[in-house]
Amino acid sequence: MVTTRTLAWVAGLISVVVWRSGRVAQNSILTKHPFTEGYYGQGDFDTDCTIFKGGPDLKYCEDATFWDLLDARGEFVDRGLLFSCDANRKSWNTVMGPLRNPEPRGSLWLYEPDGKGRKGKVVPNPSKLKRLELRGYPAGHDFHPLGVEIYPSYAGNTSNLYVVNHARARTVIEQFTLSPSSPTVANYVRTLASPYFHSANALALTSPDSFYVTNDHLFTRRIPYLGHILPILESVFALPLSFVSHVTLSPSSSSEPPITTHQFSVLFVPFPNGIALSPDGTHVALASTTLGQIRIYTRNPATNELTRLIESVPVPFVPDNIRYTHDGTALVVAGHPHFPTLTALAANKAEVAPSWVVSIDMRPKKEGAQLKLDFDKGTPVPAKGKVPPVAGREVKTLFQSDGTGFSSSSTGVQDPVTGALYVTGLYAEGGVIVCHPSS
Ligand SMILES: *[C@@H]1O[C@H](CO)[C@@H](O)[C@H](O)[C@H]1NC(C)=O
């Protein structure tokens with residue numbers, strides 16, 4: 001009790017110190033913007049966007065990630081898409097509350113888009129959406145998936161799949177394998193537990209057996225008595241208290257402990273959330289939710305060290321998950337433009353919350369890149385005016401909704417072949433929306 005009280009006191013002190021820096025981000029996300037029902041930058045929301053209907057469990061989806069099927073030389077063959085959803089999120093959310101009932105399990109889904117390798121309009125086909133069976137998953141073990149990442153499959157070999165799981169007693173990471181020969185069966189391998197996963201949120205794989213993992217808070221809602229206050233103080237004041245780790249695992253066949261090395265990659269970050277590895281492995285992007293910015297670090301691929309913070313790009317909302325496009329020329333960032341509504345939604349006191357997905361230009365900067373002042377033109381609520389421009393890192397809206405078109409966007413991913421944009425909604429009744437560029 002003494003230590004918790006001391007921690008609370010220290011937190012209070014730090015709050016005052018960082019109050020001013022925190023306030024900058026708060027201002028833009030406390031304003032209600034006049035969003036339209038739905039806006040899709042590369043087409044028409046009404047005709048080019050479809051919400052998936054996958055039954056009662058396909059809702060409240062947090063993460064989305066591509067599963068690339070490659071040949072032995074690493075050339076593209078086909079691509080699936082995984083979603084992590086939890087229809088029970090309104091009874092169990094260790095990040096935003098409540099902690100009422102951890103019993104009903106969340107779900108993982110595989111979508112196999114039609115039209116492999118084809119450009120142009122592809123009609124979303126919900127019959128290609130399958131719920132994954134979790135084979136061998138321990139009975140009585142909770143399943144509340146958040147961040148999910150899967151290693152590519154080469155020449156049909158199995159892929160390692162990792163899922164952050166906000167289980168009842170503590171947050172853990174589940175390891176599965178998924179094989180292209182029976183792609184709807186996730187075979188349970190083992191549960192990874194560590195004091196450094198206490199509030200794990202998102203993952204970025206660096207090999208089949210290693211990954212970066214973010215912890216969104218130092219203080220979690222699980223803390224007795226103060227669990228209702230400390231995480232909120234940490235968020236509201238954007239306290240730089242949390243961290244990102246890199247973890248390497250032992251082969252699942254060995255009898256060694258699963259985690260062979262743990263290194264701190266970045267310390268003292270306010271609310272680290274989404275994380276993404278650039279396709280060439282030289283950079284890592286990290287979303288700081290409470291600061292409303294994406295931080296870019298250089299990475300040493302040999303050691304996995306994040307060597308330097310090279311830039312921070314502000315976004316006009318609290319960013320959630322982030323993904324590089326396959327060619328590494330852009331980052332897709334999804335998030336929550338009005339945080340109070342999202343909080344009300346989590347507490348079942350609102351119907352919907354607005355959505356916003358942007359891309360950030362990540363192409364190498366040219367010498368003397370000019371500051372483009374007039375950016376994000378043609379968007380109902382442009383990013384311009386809400387965030388300052390960053391030279392060579394133009395922010396452009398891909399998708400936007402007042403919540404009635406699609407609620408509470410948490411991840412956006414773009415298919416490099418078809419151009420389709422998939423967006424998950426943390427509290428969206430249809431958990432995923434797909435928009436195809438009109439050709
Ligand atoms: C599949 O093949 C790739 C490329 O050879 C390799 O890196 C990966 O470890 C293999 N996956 C498994 C689970 O063996």
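We're numbering straight along the sequence, starting at 1. If you're wondering where the values come from, they're calculated on a predicted model, not measured in any experiment. Counting convention: from 1, in listed order, for ligands and their atoms alike.
Near P208, with a cut-off below 4.0 Å to any heavy atom, the atoms of ligand 1 are 8 (C), 9 (O). Annotation for ligand 1: atoms under 4.0 Å from non-hydrogen atoms of T158 are 11 (N), 12 (C), 13 (C).
Judged by distance alone, with hydrogens and angles left aside, the side-chain atoms of S207 form a donor-acceptor pair with the main-chain N or O of S210 at under 3.5 Å. Remark: side-chain polar atoms of R323 are paired, donor with acceptor, to backbone N or O of A64 under 3.5 angstrom. Here the side chain of S409 pairs no donor or acceptor atom with the backbone of V357 at under 3.5 angstrom.
The shortest distance between side-chain heavy atoms of D142 and R105 does not fall below 4.5 Å.
Closest to atom 11 (N) of ligand 1 by heavy atom, among N157, T177, N160, L70, is N157.
Here's the thing with Y151: none of its N/O atoms is less than 3.5 angstrom from an N/O atom of ligand 1.
Put simply, atom 5 (O) of ligand 1 has no protein non-hydrogen atoms near it, under 4.0 Å away.
Ring pair F406/F399 is perpendicular by interplanar angle, where above 60° counts as perpendicular and below 30° as parallel.
Counting only heavy atoms of the protein, atom 3 (C) of ligand 1 lies nearest to Y154 CD1, 3.3 Å.
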